[in-house]
Structures are given as structure tokens and as C-alpha cells.
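On a predicted model such as this, the values are computed, not experimentally measured, just so you know. Below, chains carry the letters A, B, ... as their sequence lines are ordered, and counting in each starts from 1. When reading the values below, keep in mind they use all heavy atoms of this one structure, side chains included, and skip hydrogens, waters and symmetry mates.
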Amino acid sequence: KQEVTQIPAALSVPEGENLVLNCSFTDSAIYNLQWFRQDPGKGLTSLLLIQSSQREQTSGRLNASLDKSSGRSTLYIAASQPGDSATYLCAVTQTGANNLFFGTGTRLTVIP
Amino acid sequence: DAGITQSPRHKVTETGTPVTLRCHQTENHRYMYWYRQDPGHGLRLIHYSYGVKDTDKGEVSDGYSVSRSKTEDFLLTLESATSSQTSVYFCAISDFGGVGGYTFGSGTRLTVV
């Protein structure tokens, strides 16, 4: 069974700092990997979707990379802001499985 | 989220009563999913649908049933609610079984007392 791990579980940084969130998965037979943001008591907002054939995707201050062979993805956030404070979840769509396998998330706090 | 609506947003019910949660989409996506989110367990798939009247079980389907009579609506029913089903329930949609990514609803917070 696919297992997705996110490290660290929580991260606190001062405003303006660049940071990296890590995601690893055990089975490399995936269609894609998706990064989500979840604010407390809210739903999941999709940030970036990387197809298995891609190496990275960028949206504004966010950059996500994917190394399928090693089972790793990173989410890079540049010039962090207090509004970036949230829980970040990565999830993989596995080939042949109608399911999205989630990590348990990284809770980010950006201190003004 | 645009294109996907869950109702109700919050519900408190008593143990042993049936409960139905509704997910409505306007994206005409073929695939719809129900997940539950619990502390320490993350998000887990309950049931999913790959077309009208076509559904299948996920990893935590016991005690739940689903129905999809129209492309746009996917209903989740708790046959006889238990306290262990207190959770936040999310609906998601996808166009090609996840190949194009997933879009999630805002969630339903269900409390069983």
C-alpha cells in the first residue's frame, strides 16, 4: 500500500524566510502528485499539480519539484508571509487505483 | 470551492439515527469521492463513484453507503450513526480518475452525540 510521509510535522519561521517542505512516497507508480493547503476549519485548496512526467511546477512564490524514481517531492515557498500560515498536504494519485493517498501534513506558522 | 458544494456544513445528530450528506458539482466530472479527515489519520477514502449508479468502496467504508443517481450529485449515508463517525467529511471530484488532479469541497463537520 502506498504510504506518504511529510517532514517536518510542524515548522515555524520568521516572515520573509524561504522554506522547503518535504514529501516522500513509497510506490513510484503514480500519475501525479498534488500539493494542497488547508486553513483551520476549512477545506483543501489545490496549490500545484505535478504530472509524473514533469520535474517541477511553479505558481507565484511556490515551486514544487518531483523526483519520481526516488519517491520525493518538495514544496519551496519563497519570501514567506504570515498569510502562508496553514497546513500543507501532499497527495499522490497512484496508477490503477481510484484513490488519492495523503500525507499527514506539515503545519506551517510564519511569524510576523 | 467553485463548482463543488457540500451540505450541510455542520450537523449534530444522535447515535443510532441515519444521516445523509450531500455533494453537488457543476463541473460535469465523472469521478466523485467521499473522504473523512480525523486527527492522526489524515484523509481516508470512504467511497467513490466513477459514473451514475457506479460506485465502489474505499478503505473505511464500513457503516457508510453512497448513491449517485445524477452526474452532479453524490450522497453519503450513515445508516446508523455512531460516535466513531464524528469527523469532518470532504467530497472531491476529478475528471479522469485523478489524472487531472482533484478538487475538494469545503467539508461537513459531523458530530454524533
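The two residues A:Val4 and A:Cys23 come nearest to each other via the heavy atoms CG1-SG, 3.6 Å.
Of all residues in residues 66-94 of chain A, those placing a non-hydrogen atom less than 4.5 angstrom from a non-hydrogen atom of chain B are A:Leu89, A:Thr93. Listed by sequence position, B:Tyr33, B:Tyr35, B:Gln37, B:Leu43, B:Leu45 are the residues of residues 33-45 of chain B in contact with chain A, using a 4.5 angstrom heavy-atom cutoff.
Chosen from A:Leu49, A:Asn99, A:Thr104, A:Asn32, the residue pairing most often with chain B at heavy-atom distances under 4.5 Å is A:Asn99. Heavy-atom pairs under 4.5 Å with chain A peak, among B:Phe90, B:Tyr48, B:Tyr102, at B:Tyr102.
Although no hydrogens or angles enter the test, the distance criterion places no donor-acceptor pair under 3.5 Å between the side chain of B:Thr108 and the main chain of B:His10. A distance-only check finds a donor-acceptor pair linking the side chain of B:Arg30 to the backbone of B:Tyr50 [under 3.5 Å]. The backbone N or O of B:Tyr89 sits less than 3.5 Å from a side-chain atom of B:Gln6, completing a donor-acceptor pair. No donor-acceptor pair closer than 3.5 Å links the side chain of A:Glu15 to the backbone N or O of A:Pro112. Side chain of B:Arg9 to main chain of B:Gly107: a donor-acceptor pair is present (N/O by atom type, distance under 3.5 Å, no hydrogens or angles). Judged by distance alone, the side chain of A:Glu17 and the main-chain N or O of A:Pro14 form no donor-acceptor pair under 3.5 Å.
If you chain together hydrophobic residues whose side chains sit under 4.5 Å apart, A:Phe102 and A:Leu47 never meet in one group. Cluster annotation: A:Trp35 is connected to A:Leu19 through the hydrophobic network of ILVMFWY side chains, with a link wherever side-chain heavy atoms come within less than 4.5 Å.
Counting only N and O atoms by type, the side chains of B:His24 and B:Asp73 include a donor and acceptor under 3.5 Å apart.
For chain B, the nearby part of A:Phe36 is the side chain; its heavy atoms alone come within less than 4.5 Å. Looking at B:Tyr31, the atoms closer than 4.5 Å to chain A (heavy atoms on both sides) all sit in the side chain, from C-beta outward.
Of the candidates B:Thr86, B:Val19, B:Leu76, B:Val19 is the only one forming a side chain to side chain contact (heavy atoms under 4.5 Å, CB included) with B:Leu110.
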